[in-house]
Amino acid sequence: MNAKLDSGVTTRSVTRQTFDEVLVPTYAPAAMVPVRASGLDVWDQEGKHYLDFTSGIAVTSLGHANPELADALTKQLNTLWHLGNGYTNEPVLRLASALTEATFAERAFFCNSGAEANEAALKLARKYAHTKFGPHKSRIVSCLSSFHGRTLFTVSVGGQPKYTEGFEPLPQELNHIPYNDIEAARAAITDDVAAVIVEPIQGEGGVIPGNPDYLQALRDLCDQTGALLVFDEVQSGMGRVGSLFAYTQMGVTPDILTSAKALGNGYPIGAMLTTSEIAKYLAVGTHGTTYGGNPLASTVGLKVVEMMSRPGFMERVKEAGAKIMANLEKLSSDYPQVFGKPRGMGLLIGLPMAAEYQGRSKDYTKIAENLGLMLLIAGPDVVRLAPALVVSDEQIAEADRLMREAVEAFIAA
Ligand SMILES: Cc1ncc(COP(=O)(O)O)c(C=O)c1O
């Protein structure tokens, strides 16, 4: 063993600079290093406070270090961590029961991330089509600007070429069509299509809500051609838009739904939900993962579902979303040269940069962060807000104040 690791390895001093020295440079994290958080409050290494309107990219929806979740996880940590899929466990049985009771689905498959949930959905759709109709039915249709994860299959299905460049050769039989364009969907969804995958609200692609008529047209085209309709609700799901999943507000039910992110509030978990009829095509041995449905992740997921099912929870998400939206509309009308019209659903909100400031969303969020407000971007032209669903009116007012201060500094810079 390397003698340097004998002592102090867990307590050695580390800074943002250490990232550049020992991490693969796939990310460019902020200059500050967060060390502690509670609710929507975050503190960095220097003790500086930030109001978090990112939720770790729509993940910590019940707030950082949520005491009820910490309590449930701690109890499970002292009971049973992991067994592998040769055994089932009580938390996963309860979580699958809760998710199937709360949705159209009758069967659940668990994994560790959104990409893996989509990978499972796409593999299931291919298996279903091959077995039921034959190998000619293999094409997958997805939308331009969509994001479905970073495995080679999901990143290729995603509609952002910048993420696949240099990773070729890519999986075959994939088509990308413009989002919310019914005519393009009609032309693309033919008898050789195995699956259509779509985000009911595009998140990474700029916070663009799907048009219910469009989603219904996808449903009809899938029914006519025998393709499976997959809703990627990794970002839009788990209460983010004011219902457990967005599909219920859209009035369109998919064949397969994927979830991750807020399902674990920061504990890694992904889920693919579907009907019994479709699920049977992933028979024993056709797919799997070591950690999927592990007792720790399942315990957290179950507690999250339970907490989000409490009376008034979703109403408050909608109310908080409406308050933020009203503030942003005012902000954009006060600074029309900087911001366009805000859009979104519930607490997934995008604020586009106006023509004069195209490509500058990150510059704005960096200024806001210096002032103590953490914000996201959704591409170079959109500022994205995704605060924890438990955000208070005081925090909404504080974020508004900081966004206004930030815009003044942004214009002056
Ligand atoms: C809609 C959507 N699908 C899939 C993913 C990928 O999830 P993960 O990063 O957990 O693999 C994301 C992540 O941002 C997402 O927004």
Side-chain angles (χ1 to χ4, degrees), residues 24 26-27 29 54-61 109-125 140-160 162-164 167 174 176 179-180 195-210 215 218 229-241 244-247 250 254 256-273 289 291-294 297 300-301 304 344-350 361 375-379 382 384-387:
V24 172
T26 47
Y27 310 112
T54 73
S55 311
I57 320 186
V59 169
T60 55
S61 285
F109 170 83
F110 293 103
C111 48
N112 316 290
S113 67
E116 283 176 76
N118 287 329
E119 184 87 18
L122 296 166
K123 281 182 70 180
L124 168 56
I140 289 161
V141 172
S142 63
C143 291
L144 293 169
S145 299
S146 66
F147 186 81
H148 298 297
R150 299 291 198 124
T151 64
L152 194 59
F153 197 2
T154 56
V155 83
S156 307
V157 168
Q160 304 199 43
K162 66 180 180 194
Y163 293 138
T164 50
F167 294 109
L174 312 176
H176 300 96
Y179 192 57
N180 276 337
V196 176
I197 181 166
V198 66
E199 295 162 85
I201 302 155
Q202 283 194 338
E204 302 300 308
V207 190
I208 303 173
L215 298 173
L218 295 183
L229 181 61
V230 182
F231 277 4
D232 177 347
E233 294 232 32
V234 168
Q235 187 156 161
S236 62
M238 295 311 298
R240 176 63 40 199
V241 299
L244 194 60
F245 292 105
Y247 81 88
M250 300 294 195
I256 302 176
L257 181 147
T258 55
S259 178
K261 286 189 182 278
L263 178 58
N265 207 67
Y267 199 97
I269 183 170
M272 177 193 68
L273 306 176
T289 164
Y291 295 119
N294 134 326
V300 178
V304 168
M345 263 178 95
L347 284 169
L348 181 56
I349 303 174
S361 58
L375 295 170
L376 292 166
I377 59 169
V382 180
R384 177 173 31 156
L385 292 82

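Counting starts at 1 for both ligands and their atoms, in listed order.
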Between ligand 1 and the protein, find all N/O pairs closer than 3.5 Å and give the distance for each.
{"from": "ligand 1", "atom 1": "3 (N)", "to": "F147", "atom 2": "O", "distance (Å)": "3.3"}
{"from": "ligand 1", "atom 1": "3 (N)", "to": "D232", "atom 2": "OD1", "distance (Å)": "3.2"}
{"from": "ligand 1", "atom 1": "3 (N)", "to": "D232", "atom 2": "OD2", "distance (Å)": "2.7"}
{"from": "ligand 1", "atom 1": "10 (O)", "to": "G114", "atom 2": "N", "distance (Å)": "2.8"}
{"from": "ligand 1", "atom 1": "11 (O)", "to": "G114", "atom 2": "N", "distance (Å)": "3.4"}
{"from": "ligand 1", "atom 1": "11 (O)", "to": "A115", "atom 2": "N", "distance (Å)": "2.8"}
{"from": "ligand 1", "atom 1": "14 (O)", "to": "K261", "atom 2": "NZ", "distance (Å)": "3.1"}
{"from": "ligand 1", "atom 1": "16 (O)", "to": "Q235", "atom 2": "NE2", "distance (Å)": "2.8"}

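For F245, there are no ring-ring contact (aromatic ring centres under 6.0 Å, His included) partners two or more places apart in sequence or in a different chain.
Going from atom CE of M238 over to atom CG of L263 covers 5.0 Å, rounded to the nearest 0.5 Å. From F231, atom CZ reaches atom CE of M250 across 8.0 Å, with rounding to the nearest 0.5 Å.
Salt bridge E204/R384: present, at least one basic N to carboxylate O contact under 4.0 Å.
Ring-centre distance between Y291 and F110: not below the 6.0 Å cut-off.
Counting only heavy atoms from C-beta outward, the side chains of I140 and L122 approach each other to under 4.5 Å.
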